[in-house]
Amino acid sequence: MSETTYRNAAFEDIPQMLKLWQEFWPPQDSEDDLKRKIRKDPDLVCVAECDGRIVGTIIGGFDEWWAWIYRVAVHPEHQRQGIARRLFSEIHQRLAARGADAACLIASPSNEAMCDLLRKLGYQEKSDRRFSFVFQR
Ligand SMILES: CC(C)(COP(=O)(O)OP(=O)(O)OC[C@H]1O[C@@H](n2cnc3c(N)ncnc32)[C@H](O)[C@@H]1OP(=O)(O)O)[C@@H](O)C(=O)NCCC(=O)NCCS
């Protein structure tokens, strides 16, 4: 089986990232949005790559107060291989290195795969679709 690697996203990855997200969500991000984010927070835009293809993404945000996690996605052909788990591990490390103590994420309660994953990772479920996670130091 081919190896999956994890790294910061580069501008060249943007078309593939947008294409991957189209598998799951109506278009809501532009190439310029992603370029701006990669330029500002290169360590907080993380991708999984397999055989030269972007197969997973995760994005972190930190405003020196709260940390948020966005755009968690794994290509359907690569799901259930632990890629999302590893992407979370990467972004948690990167957010902690920025000084974040905890992270929040919004997930629909009907998204069983995501909710199951978040619970397994130790996220606490709030009443308003929000999950939060406290980093271990
Ligand atoms: C949710 C998602 C990111 C999981 O990615 P993944 O790489 O398949 O997840 P992993 O292989 O790391 O799975 C880790 C755990 O998540 C849970 N999980 C993943 N897919 C699941 C599914 N289809 N049904 C139930 N639980 C699931 C399981 O607990 C799994 O642990 P296990 O394999 O030991 O049972 C992926 O299904 C996806 O991209 N979904 C569409 C996009 C999306 O909904 N993003 C979240 C928006 S908030």
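Remember, it's 1-based here, ligands and their atoms both numbered in the order they're listed.
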Using a threshold of 4.0 angstrom between heavy atoms of the protein and any atom of ligand 1, which residues qualify?
-> Phe24, Trp25, Val72, Ala73, Val74, Gln79, Arg80, Gln81, Gly82, Ile83, Ala84, Arg85, Ile106, Asn111, Ala113, Met114, Asp116, Leu117, Lys120
Glu125: what forms a salt bridge (charged side-chain N to carboxylate O under 4.0 Å, His left out) with it, not counting sequence neighbours?
-> Arg119
According to the interplanar angle, ranging from 0 to 90°, do the rings of His75 and His78 count as parallel (below 30°), tilted (30 to 60°) or perpendicular (above 60°)?
-> perpendicular
Got a sec: does the CD of Glu112 have more than 12 other heavy atoms crowding it under 6.0 Å?
-> no
Check the pair Asp33 / Ser30 against side chain to side chain donor-acceptor pair (under 3.5 Å), numbers first and verdict last.
-> CA-CA 5 Å; Asp33 292 334; Ser30 71; 3.2 Å; yes
May I have the step-by-step check of side chain to side chain contact (heavy atoms under 4.5 Å, CB included) for Ile59 and Lys37, ending in yes or no?
-> CA-CA 9 Å; Ile59 292 182; Lys37 177 68 178 169; 3.7 Å; yes
Plane angle bin for His92 and Phe133 - parallel if under 30°, tilted between 30 and 60°, otherwise perpendicular = parallel
